[in-house]
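Everything below concerns the one structure shown next.
On a predicted model such as this, the values are computed, not experimentally measured, just so you know. Order of the sequence lines fixes the chain letters, A, B, ..., with proteins taken first and strands second; residue numbering starts at 1 for each chain.
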Protein chains: 2
Amino acid sequence: MRKTFLFMDTIFNKVDSKGRVSLPADYRAIVKELNSEIVCYRSLVSPCIEGCAEDLLEKLATEIEDSNDFFSQEQDDLTNLIFGDAKRFTFDSTGRIVLTEKLLTHAGITDTAVFVGKGRKFQIWSPENWAKEEARIRAEVLKKRPVLNAHKSGDNA
Amino acid sequence: MRKTFLFMDTIFNKVDSKGRVSLPADYRAIVKELNSEIVCYRSLVSPCIEGCAEDLLEKLATEIEDSNDFFSQEQDDLTNLIFGDAKRFTFDSTGRIVLTEKLLTHAGITDTAVFVGKGRKFQIWSPENWAKEEARIRAEVLKKRPVLNAHKSGDNA
DNA sequence: TGGTATAGCATGGTAATTCATGGGAATCAA
DNA sequence: TTGATTCCCATGAATTACCATGCTATACCA
């Protein structure tokens, strides 16, 4: 029964006229296990919505609080932006949340939402924007592939 | 109690019309022992599926989380690519998982899946692609073998 | 050593459950 | 009251869990 808490996969769900979307079942399971709630906010850098479990923001807040490095001011500013924008979303008995007009507009979502897992976080895109983004990322990462291999230290051949 | 947690060997299993495959018994034993689950994703560089125990990705997520790089663009790309593509697979009481169309297509698998152990990870190939890949690997190793045996001085060619 | 019983595994089929989604009733705000 | 938002039920489709069978490798016994 012990689970890990990673948002994964790419899921296409419909957005109805009321702005309702099913949160993917796997995502729901994670939030439930964490005894947490979903929080969403506009991505600072991309035309998409970002989401995570509320306790990740809790951790982020604590980190910023305790951080002494020279990025802290910058991160503090970014954090303000996020917390100012973030909103809690509870899902109903069928597992749906109602996204706000502000978020939908920012992401250019009309009738279909694409959930993209990012580990501790996830993103919600319009199909069009996601197609572009995915292509960009694939090209970018393949260019830098050595980085993929270098992230581990204890890796002996 | 088990000594090792390494995926090994090469196993040919059938894929039925619904995409169901038996995960090799040895692999199952490992995953069970780790109290984890299987995660699969498309290989970035080969026409095959890659898999590992979920806690390997969990570690990666934790590393990213702890890197104080909450807003890094590069990490954004990397996590999108890995977690956006990865999917969790639980096996039923008979030890089968259901591979998705996306994965099967990427690997060119129709009715037979070849599981190839790679230590902490494993790969799933179509028999045809695996035959080619194995031949390529063998040729590659043979080519390098003289270098491995005879330690030449000044061999920076 | 050879032959047979046994347990574990891969695989096919099917029943049961879960999930996404549409519609409408109930609740709340102005 | 009207418009909007939240909650709940219904439904069809897709996914998953379960049961059954045949095969293979292993253990056991003579």
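- With distances taken from any side-chain atom of Arg20(B) to the nucleotides dG22(C), dC18(D), dT11(C), the minimum falls on dC18(D).
- Distance Leu23(B) CG to dT11(C) C1': 14 Å, rounded to the nearest Å.
- As rounded to whole Å, 14 Å separates atom C1' of dA4(D) from atom CG of Asp16(A).
- The side chain of Ala25(A) lies closest to dC19(C), out of dG13(C), dC19(C), dA20(D).
- Mapped onto DNA chain D by nearest heavy atom, Thr94(B) and Val98(B) fall at different nucleotides, with Val98(B) at the one closer to the 5' end.
- The residue among Lys14(A) and Arg28(B) whose nearest nucleotide of DNA chain C is located toward the 5' end is Arg28(B).
- The nearest whole Å value for the distance from the CG atom in Asn13(A) to the C1' atom in dT21(C) is 9 Å.
- Rounded to whole Å, the distance from CZ on Phe12(B) to C1' on dT24(D) is 18 Å.
- Between the C1' atom of dT24(D) and the CG atom of Asp26(B) lies a distance of 15 Å, rounded to the nearest Å.
- Donor-acceptor pairing under 3.5 Å, judged by distance alone, is absent between the side chain of Lys18(A) and the base of dG3(D).
- At a threshold of 4.5 Å between non-hydrogen side-chain atoms, the residues Leu103(B) and Arg42(B) count as touching.
- Remark: C1' of dC7(D) and CG of Asp92(A) are 7 Å apart, rounded to the nearest angstrom.
- As rounded to whole Å, 10 Å separates atom P of dT18(C) from atom NZ of Lys32(A).
- Between Phe7(B) and Pro24(B), every side-chain heavy-atom pair lies at or beyond the 4.5 Å cut-off.
- Ring geometry for Phe115(B) against Tyr27(B) counts as perpendicular: the plane angle is over 60°, on a 0 to 90° scale with 30° as the lower cut.
- For Arg120(B), the CZ atom is loosely surrounded, since the number of other residues' heavy atoms within 6.0 Å does not exceed 12.
- The environment of Lys121(B) atom NZ is sparse: at most 12 non-hydrogen atoms of other residues, nucleotides or ligands sit within 6.0 angstrom.
- Between Ser93(A) and Thr90(B), the one whose closest nucleotide on DNA chain D sits nearer the 5' end is Ser93(A).
- Nucleotide dT21(C) holds its P atom 13 Å from the CD1 atom of Ile97(A), rounded to whole Å.
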